[in-house]
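First comes the structure, then the notes that go with it.
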There are 4 protein chains.
Amino acid sequence: MSTGTGTPDPTRRSERSRQAILQATRELVSEVGYAKLSIEGIAARAGVGKQTIYRWWRSKGAVVFDAFLTLSQGAEGIALPDTGDIEADLRTVLRATVAEFADPAFEGPIRALTLEISADPELAAQYQEKLAAPVEEAKRERLRAAQRAGQVAADADLDLALELLYAPLFQRWLFRSGPLTPEYADALVEHTLRALRPD
Amino acid sequence: MSTGTGTPDPTRRSERSRQAILQATRELVSEVGYAKLSIEGIAARAGVGKQTIYRWWRSKGAVVFDAFLTLSQGAEGIALPDTGDIEADLRTVLRATVAEFADPAFEGPIRALTLEISADPELAAQYQEKLAAPVEEAKRERLRAAQRAGQVAADADLDLALELLYAPLFQRWLFRSGPLTPEYADALVEHTLRALRPD
Amino acid sequence: MSTGTGTPDPTRRSERSRQAILQATRELVSEVGYAKLSIEGIAARAGVGKQTIYRWWRSKGAVVFDAFLTLSQGAEGIALPDTGDIEADLRTVLRATVAEFADPAFEGPIRALTLEISADPELAAQYQEKLAAPVEEAKRERLRAAQRAGQVAADADLDLALELLYAPLFQRWLFRSGPLTPEYADALVEHTLRALRPD
Amino acid sequence: MSTGTGTPDPTRRSERSRQAILQATRELVSEVGYAKLSIEGIAARAGVGKQTIYRWWRSKGAVVFDAFLTLSQGAEGIALPDTGDIEADLRTVLRATVAEFADPAFEGPIRALTLEISADPELAAQYQEKLAAPVEEAKRERLRAAQRAGQVAADADLDLALELLYAPLFQRWLFRSGPLTPEYADALVEHTLRALRPD
DNA sequence: GGGTAAGCGAGACGGTACGTCATGTCTTGGT
DNA sequence: ACCAAGACATGACGTACCGTCTCGCTTACCC
């Protein structure tokens with residue numbers, strides 16, 4: 001019996017079409033950029049009717065979001081390196097992040113995703129839950145180990161710690177307001193750890 | 001005889017139209033949001049031909065940018081409070097920033113401006129030069145005073161210091177990833193100063 | 001094993017669905033008009049799958065046709081009044097026809113049927129056979145009686161006679177090119193009989 | 001100063017586009033038929049934006065109507081042949097009409113026009129005024145001459161006379177309910193004149 | 001002080017994309 | 001096997017804007 005809400009039945013959904021749409025979206029974001037991406041274009045590239053997109057996604061942003069969310073999924077139970085030296089480990093991780101942001105292939109998609117998330121609170125929540133949360137938990141876990149090892153103050157605010165590490169990096173990337181170098185990564189690690197140092 | 005470059009003659013420019021366009025843009029960003037803003041709408045609201053907009057601005061983003069840039073102009077030679085206590089002064093300033101970001105009237109315009117800047121490097125450069133630079137210089141100057149007073153390490157990287165103070169704040173606002181409270185501002189100040197403390 | 005022709009088995013046909021479809025079609029033609037009638041709408045109103053319509057009818061026109069054909073069926077063995085006075089009898093009949101055409105409730109359905117018939121020769125043939133033929137035969141029979149009574153020329157072309165009587169009426173209705181009044185009906189009868197008068 | 005009604009300014013209208021649209025419409029009606037004609041198709045064939053069509057015509061029907069109206073225009077001050085013999089003259093005219101209707105090249109366009117007119121009273125009025133009226137006046141004038149010559153009753157209803165002549169012909173064509181032959185034309189003339197004969 | 005060339009308002013134009021609706025086909029699950 | 005339900009590819013709908021263009025008009029500036 002129908003609920004009358006017009007909500008489509010997910011069991012009838014064509015996995016084939018879903019994949020084609022996400023694939024086409026990924027390709028088009030890379031090729032023409034987010035601003036010139038259109039539902040019409042995605043549908044054409046995917047060999048799919050526009051209605052099939054509108055049936056399953058609320059907006060262009062939601063499709064883009066899903067396209068890259070699906071890519072990164074499966075990143076469950078990740079853990080950061082733990083050599084016992086928190087500073088060295090964070091350097092490794094932040095240098096890797098810097099390298100990732102510098103990769104021009106990531107530029108388009110991540111910018112698209114960023115704009116989408118900042119414009120749509122609902123997508124932001126989804127992003128937080130599905131993608132950011134597990135990664136952040138892994139990072140927090142590494143910091144907790146450092147706390148146990150006495151390298152970080154026992155009462156440190158770990159959420160704030162993560163922001164001190166990553167927000168400056170992200171802001172430089174977003175606004176192109178400064179160079180993203182390994183040295184910059186090191187400096188962020190050094191300053192953050194100094195701020196968190198046990199008395 | 002025309003040079004054929006199509007470059008308009010700025011001396012002929014109608015100040016009346018310019019103001020009407022910027023005014024209409026400000027109103028419309030507030031009313032319908034940045035995403036639904038259109039050149040057509042601006043022209044209609046301003047009682048102006050579309051061509052007049054295209055003649056003087058490269059893109060919708062440039063108009064929006066100018067609309068809010070004009071608003072904030074005149075902020076020359078600003079200086080931060082200096083009571084001699086760097087921590088107290090920074091708390092004052094950051095708490096003010098937090099309050100500003102929390103103001104819902106700022107939400108729309110600032111988000112629009114942020115998106116525009118992150119999408120268009122040329123606007124980003126203009127923003128940096130005309131709006132951000134003087135403000136940042138004032139902040140840097142206050143930190144330099146703190147260095148002279150021995151409250152901050154003499155060799156501290158002041159640009160990095162500003163990022164540690166402001167980037168986490170900005171990121172929370174942009175992604176709505178956490179509460180913006182006076183306590184949060186205080187925590188940022190405290191951690192940053194600890195990171196910059198002289199040995 | 002299937003023959004592969006796709007021809008449905010009429011013995012399996014659901015009379016319940018058939019009636020619901022024809023009923024829904026009649027209602028919708030009245031409510032939204034023929035131009036805005038859709039298979040989708042009929043199926044929804046009838047609580048029937050679209051496929052059930054496509055299985056049993058060739059086109060929207062065929063459904064509409066059937067819907068009103070079914071209405072008028074059972075009009076077998078009709079006979080026109082015969083008082084012995086052909087002129088009086090024809091006046092009675094034509095005045096009744098005029099009244100029928102003037103009824104606004106007939107407007108929608110008959111227009112729909114007319115368009116359908118004029119656009120699809122196959123439906124036209126069906127219409128002619130199932131609906132028009134018996135009525136025309138009754139009219140022809142009345143004229144034959146008039147011939148026997150010497151009121152109409154023995155060699156008159158009765159098909160042409162019917163056209164002279166009804167085509168002007170129908171054309172006025174179809175194109176709204178003139179008033180449909182009892183006097184008009186009388187004038188048609190008078191002129192037609194004069195044209196058919198025995199020498 | 002704008003009236004604010006959104007009515008477009010006809011002096012700015014592009015004659016080039018108008019002609020291209022009407023031309024494309026005529027071609028497409030012939031090629032794909034009226035039912036499969038689309039605004040989208042007309043715009044594409046004419047090399048014109050869809051809006052340009054919607055700006056100047058209310059509906060697909062109005063475009064089709066104009067397309068053929070424009071064709072037939074200039075038929076001012078037409079006169080029927082007058083040899084002094086009304087029967088011979090009408091035979092000539094009706095035989096010509098029969099031939100016209102039999103021409104398969106006319107089939108599509110005239111059917112399209114007919115459907116349009118019968119579905120839209122406003123177009124019907126326009127048709128009546130711009131196309132039908134002058135032709136009918138010419139026919140009525142020829143009948144008036146016959147009245148003066150004593151070949152037709154002085155008090156005959158000429159509008160009814162025209163209907164008796166043409167409505168049967170038109171109905172046969174519309175419903176394909178009988179052959180359209182020269183003999184049929186002659187029979188119509190003969191019967192009509194008998195109905196109109198002076199006492 | 002009269003001509004001329006710019007900016008201006010207006011808005012038509014060829015386009016692209018929007019989001020919706022209906023088409024006719026196909027598949028699933030229920031009877 | 002038919003049926004209700006409804007997803008699907010397709011394609012047209014009518015609307016909103018895009019950025020370009022062409023109209024008259026006002027408004028300097030230059031001879």
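Quantities reported herein were computed from a predicted structural model and do not represent experimental measurements. A note on names: the letters A, B, ... follow the listed sequences, proteins ahead of strands, and every chain is numbered from 1.
- In this structure, CD1 of Ile42(C) is placed 15 Å from C1' of dC21(E), rounded to the nearest angstrom.
- Summarising the geometry, the separation between CD on Gln19(D) and P on dC13(E) is reported as 13 Å, rounded to the nearest angstrom.
- A donor-acceptor contact under 3.5 Å is formed by the side chain of Lys50(B) with the base of dG19(F).
- When rounded to the nearest whole Å, the span between CD1 of Ile21(D) and P of dC13(E) equals 8 Å.
- Distance from the side chain of Arg55(C) is smallest for dC2(F) among the nucleotides dA12(F), dC2(F), dT28(E).
- Seen from the ring of Trp57(B), Arg13(B) counts as a face-on cation partner, given the 6.0 Å and 45° thresholds.
- Look at CD1 on Ile53(B): it is 14 Å from C1' on dG11(E), rounded to the nearest Å.
- The distance between atom CD of Glu40(D) and atom P of dG15(E), rounded to the nearest whole Å, is 13 Å.
- The phosphate of dG19(E) (OP1 or OP2) has no side-chain N or O of Trp57(A) nearer than 4.0 angstrom.
- Each of dA12(E), dG14(E), dA4(F) was ranked by its minimum atom distance to the side chain of Val48(D); first place goes to dG14(E).
- In this structure a side-chain-to-backbone donor-acceptor pair under 3.5 Å is present from Lys60(B) to Leu37(B).
- A close approach under 4.0 Å does occur between a side-chain nitrogen or oxygen of Ser17(A) and OP1 or OP2 of dA9(F).
- In this structure, of dT20(F), dG9(E), dA22(E), it is dG9(E) that holds the atom nearest to the side chain of Thr52(B).
- Note: CG (Leu37(C)) to C1' (dT23(E)) measures 13 Å, nearest angstrom.
- For Arg13(C), the listed nucleotide lying nearest its side chain is dC3(F); candidates were dA7(F), dC3(F), dT22(F).
- A residue-by-residue look at Arg12(D) and Ala46(C) shows that Ala46(C) has its nearest nucleotide of DNA chain F further toward the 5' end.
- Between the P atom of dG14(E) and the CZ atom of Arg18(D) lies a distance of 14 Å, rounded to the nearest Å.
- Distances from the side chain of Ser14(D) to the nucleotides dG15(E), dC13(E), dC18(E) place dC13(E) closest.
- Between the CZ atom of Arg58(B) and the P atom of dG19(F) there is a distance of 12 Å, rounded to whole Å.
- Of the candidate nucleotides dT25(E), dA7(F), dC18(E), dT25(E) has the atom lying nearest to any side-chain atom of Tyr54(C).
- Positionally, the nearest nucleotide of DNA chain F for Gly49(C) lies more toward the 5' end than for the other of Gly49(C) and Gly47(A).
- You'll find that the side chain of Gln51(D) is closest to dC17(F), out of dC17(F), dC23(F), dT20(E).
- The closest side-chain heavy-atom distance from Phe175(B) to Thr114(A) is below 4.5 Å.
- Between Thr52(B) and Arg55(B), the closest side-chain pair of non-hydrogen atoms falls below 4.5 Å.
- Looking only at atom types and distance, the side chain of Gln126(C) has no donor-acceptor partner in the side chain of Glu122(C) under 3.5 Å away.
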